[in-house]
Amino acid sequence: MIDPLVTSEPEVLFTGTVWGEGPLWLPRQRRVRFSDIPNNRILDWDAATGVTEVYRSGEDAEYTNGRTLGLDGEVVQCSHGRRRVERDVDGVVSSIADVAPGGVRFNSPNDVIVDRQGAVWFSDPAYGIQASGVEGHPGDEEYGARHVFRVDPHDGSVTAVVTDRDQPNGLAIAADGRTLLVSDTGEPGGAIFAYELTADGTDLVDGGHGRRVAKPDEGGSDGFRVDVDGRIWSSCGDGVQVFDADGRSLLRIPLGEVTSNLCFGGDDGTELFVTGATSLHRLRTATRDVNAR
Ligand code: MG
């Protein structure tokens, strides 16, 4: 596929996951870190060698899912198994948030972003505590819902922000800095919803009811990212679908399998790394992540 936005044919960089998730470009290491959730391991693909190796597994992985970079370059990741959001600083992992409001546990944090103030926003659907045990340890939904939470960068307090979703999943803040985008892989089948943020960017306007923005033609949106021009690059049932900020479809890129998540990266930030069910894919693009820095 050659397009003004996507400038190369898709490449497969690694095959061998059962359900790949949570890709993140690590600029210092020049690696893509990603999760293989059912195999309970974290993998690193090395841009210099093209080799993929196991970074953590078993009790050292605890079913991680989505991840992002913190403001100091640390990895911020979601762990189904530990039911928390955590940071990995040079291999040392510690908790960012493991107690929900009311003193109970989260369900299974799924995907996470860090905003420009350093606040951590994460989704908390129930996929990692299901009875099957495929993506974590079976358990109860202790607060009886599935929310998007915000962790305050100053005092670490945790607030439920988005409370009207079935299974909130992917997250991004739109190019205007005033819109939180959330995909819901529950009842709406993977549509992306927009929530207006207050001027200080810490909460939702009007108690926060989501406005449906986009839905992939094939399957649903799990993880997605926003580029510098406000486009939404989303996972879907058969590859990647790109929307403009108003949700109009711009492009579909078939990758031959259902995909879960994606990130921009590479040395100039224009490569798109996509985790599919079985494989890590790369597309070269003509754009970068809205938060590229
Ligand atoms: Mg997800």
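These figures come from a predicted structure and were not determined experimentally. Every heavy atom of this structure was used, including side-chain atoms; hydrogens, water molecules and symmetry mates were not. We count ligands from 1, going down the list as the structure has it; atoms in each ligand are counted the same way.
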Practice item. To the nearest 0.5 angstrom, please state how far the CD atom of Glu141 sits from the OG atom of Ser108. Key: 8.5 Å

**Study point:** Residue Asn110, metal the Mg ion (ligand 1), N/O/S under 2.8 Å
**Key:** yes

Point to revise | Ile232 and Val242, any side-chain heavy atoms less than 4.5 Å apart | key: no

Check your understanding: How many angstroms lie between atom CD1 of Ile192 and atom NZ of Lys215, to the nearest 0.5 angstrom?
Key -> 10.0 Å

Check your understanding: Of all N/O/S atoms in Glu21, which lies nearest to the Mg ion (ligand 1)?
Key -> OE2

Check your understanding: So, Arg82 and Glu62, do they make that salt bridge, N to O below 4.0 Å?
Key -> no

Check your understanding: So does Tyr127 have any N/O/S atom less than 2.8 Å away from the Mg ion (ligand 1)?
Key -> no

Point to revise | the Mg ion (ligand 1) to Asp222: nearest N/O/S atom name | key: OD1

